[in-house]
Amino acid sequence: MSRAVLILSSREIRERGINWIRRAPANTRVEFKAEKRSLDQNSRLWAMLTDVATQKTHAGRKYTPDQWKVLFMHACGREVQFIPSLDNSTFIPWGQSSSDLSKQEMTDLIECIFAWGAEHGVVFHDLEPIA
């Protein structure tokens with residue numbers, strides 16, 4: 001087995017993971033991650049980023065929701081670097097993708113955007129509670 005993902009949702013799956021670890025060859029990597037962000041959180045994130053993108057500028061420029069996402073992820077302490085494109089015509093963001101965030105990390109990012117937006121007069125349209 002080269003890769004596998006288990007979501008520890010039952011006793012049986014936990015036991016399967018324990019058995020895999022017992023049989024794993026030396027130097028096998030095991031990674032534990034918190035619960036992945038929800039689809040509702042993802043929808044909220046993009047709605048908020050769209051609100052920011054349509055209402056605000058930064059450094060005298062309009063930015064797309066994708067560009068705002070990189071700015072907010074950096075503001076929340078996520079590692080983001082800008083590296084030159086292969087043809088040296090621009091810079092592209094490199095860093096953690098929001099799709100890899102845990103539920104808590106996504107909550108932190110959404111709260112960061114909400115706080116910034118409140119401070120800068122952004123009117124957010126999707127404020128229904130997230131399940």
Side-chain angles (χ1 to χ4, degrees):
M1 162 181 15
S2 65
R3 287 184 183 253
V5 173
L6 293 176
I7 297 173
L8 303 177
S9 59
S10 70
R11 182 173 174 80
E12 293 79 23
I13 293 174
R14 286 179 180 274
E15 290 299 322
R16 184 181 315 155
I18 290 166
N19 289 330
W20 285 358
I21 288 170
R22 284 189 181 121
R23 292 188 317 238
N27 300 315
T28 296
R29 296 179 295 158
V30 177
E31 182 177 15
F32 292 93
K33 291 183 174 185
E35 184 177 4
K36 189 174 173 134
R37 60 136 172 93
S38 71
L39 293 177
D40 286 343
Q41 285 180 309
N42 190 57
S43 294
R44 166 70 52 83
L45 172 70
W46 287 103
M48 292 178 79
L49 291 170
T50 299
D51 286 338
V52 171
T54 58
Q55 297 173 40
K56 293 296 164 185
T57 61
H58 173 64
R61 282 187 60 192
K62 291 292 263 181
Y63 288 97
T64 66
D66 282 313
Q67 291 167 320
W68 278 104
K69 182 184 80 164
V70 172
L71 289 168
F72 283 117
M73 287 188 67
H74 180 266
C76 291
R78 299 279 165 223
E79 181 180 356
V80 178
Q81 297 176 6
F82 290 88
I83 57 177
S85 63
L86 291 176
D87 64 2
N88 290 315
S89 65
T90 190
F91 286 87
I92 52 176
W94 176 85
Q96 184 179 18
S97 167
S98 62
S99 65
D100 196 41
L101 295 178
S102 69
K103 271 193 168 184
Q104 185 57 56
E105 290 168 328
M106 185 65 102
T107 295
D108 294 344
L109 178 58
I110 288 169
E111 287 176 3
C112 176
I113 296 168
F114 187 77
W116 186 92
E119 205 173 288
H120 291 87
V122 175
V123 176
F124 292 109
H125 295 93
D126 179 15
L127 295 179
E128 292 294 319
I130 295 175

Q: Which distance, rounded to the nearest 0.5 Å, do you find between the CD of Q81 and the NE2 of H74?
A: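 Answer rounded to 0.5 Å: 9.5 Å.
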Q: Could you give the distance from CD (E35) to CE (M106), rounded to the nearest 0.5 Å?
A: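 One finds 12.5 Å between CD of E35 and CE of M106.
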Q: Mind checking salt bridge (Lys or Arg N to Asp or Glu O under 4.0 Å) for E111 and listing every partner two or more places apart, or none if nothing turns up?
A: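 With neighbours one apart ignored, the set is empty.
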Q: Looking at K62 and T54, would you say the former's side chain and the latter's main chain have a donor-acceptor pair under 3.5 Å?
A: yes
Q: Of the options D87, N88, L86, which is the one that meets P84 in a side chain to side chain contact (heavy atoms under 4.5 Å, CB included)?
A: N88
Q: Could you name each residue pair satisfying salt bridge (Lys or Arg N to Asp or Glu O under 4.0 Å) that touches residues 24-34, not counting sequence neighbours?
A: E31-K33, K33-D100
Q: Quick check: do T107 and E105 have side-chain heavy atoms less than 4.5 Å from each other?
A: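 SC-SC contact between T107 and E105 ruled out.
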Q: Once you round to the nearest 0.5 Å, how far does CG of D66 lie from NZ of K69?
A: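 So the gap between those two atoms works out to 6.0 Å.
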Q: Would I13 and I7 satisfy side-chain contact (heavy atoms from CB on, under 4.5 Å), going step by step from the backbone distance to the final call?
A: CA-CA 7 Å; I13 293 174; I7 297 173; over 6 Å; no
Q: With rounding to the nearest 0.5 Å, note down the distance linking OG in S99 to CG in L45.
A: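 Answer for the OG-CG pair, S99 versus L45, is 11.0 Å.
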Q: Does any N or O in the side chain of T57 come within less than 3.5 Å of the main-chain N or O of G60, such that one atom is a donor and the other an acceptor?
A: no
Q: Within a radius of less than 6.0 Å around CZ of F114, do more than 12 heavy atoms belonging to other residues, nucleotides or ligands occur?
A: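 At most 12 heavy atoms, drawn from other residues, nucleotides or ligands, come within 6.0 Å of this atom.
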Q: Can you check whether E79 reaches W94 side chain to side chain, under 4.5 Å on heavy atoms?
A: yes
Q: Classify the ring geometry of W116 against W68: parallel below 30°, tilted from 30° to 60°, perpendicular beyond 60°.
A: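 Tilted: the ring planes of W116 and W68 meet at 30° to 60°.
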Q: Rounded at 0.5 Å granularity, tell me how far CZ in R78 sits from SG in C112.
A: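 Going from the CZ atom of R78 to the SG atom of C112 covers 10.5 Å.
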Q: Looking at N42 and R37, would you say the former's side chain and the latter's main chain have a donor-acceptor pair under 3.5 Å?
A: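 Looks like no, no N/O pair under 3.5 Å.
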Q: Could you tell me which non-hydrogen atom of Q55 sits nearest to which non-hydrogen atom of V122, and how far apart they are?
A: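 Reported closest heavy-atom pair: OE1-CA, 3.3 Å.
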Q: Any chance you could measure L109, atom CG, to L101, atom CG, to the nearest 0.5 Å?
A: 6.5 Å
Q: Please answer whether the main-chain N or O of W46 pairs with a side-chain N or O of T50 as donor and acceptor at a distance below 3.5 Å.
A: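 The answer is yes, because a donor-acceptor pair under 3.5 Å joins these two groups.
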Q: Before giving the answer on side-chain contact (heavy atoms from CB on, under 4.5 Å), spell out for I18 and E15 the whole-Å C-alpha distance, their side-chain angles and the decisive distance to 0.1 Å.
A: CA-CA 5 Å; I18 290 166; E15 290 299 322; 4.2 Å; yes
Q: Which heavy atom in A53 sits nearest to a heavy atom in Y63, and how many Å separate them?
A: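 Looking at all heavy atoms of both residues, the shortest contact is CB-O, 3.3 Å.
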Q: Near I21 CD1, under 6.0 Å, is it more than 12 heavy atoms from other residues, nucleotides or ligands?
A: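 Counting other residues, nucleotides and ligands, CD1 of I21 exceeds 12 neighbours.
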Q: Can you check whether F72 reaches L49 side chain to side chain, under 4.5 Å on heavy atoms?
A: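 A side-chain contact under 4.5 Å exists here.
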Q: Might you work through the side-chain contact (heavy atoms from CB on, under 4.5 Å) test for F124 and V52, ending with a clear yes or no?
A: CA-CA 8 Å; F124 292 109; V52 171; 4.0 Å; yes
Q: Apply side-chain contact (heavy atoms from CB on, under 4.5 Å) to D108 and C76, showing your working.
A: CA-CA 8 Å; D108 294 344; C76 291; 5.9 Å; no
Q: Hey, does the side chain of Q41 reach the backbone of K103 with a donor-acceptor pair shorter than 3.5 angstrom?
A: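 The answer is yes, because a donor-acceptor pair under 3.5 Å joins these two groups.
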Q: Any side-chain to backbone donor/acceptor pair from Q67 onto T64? Under 3.5 Å, distance only.
A: yes
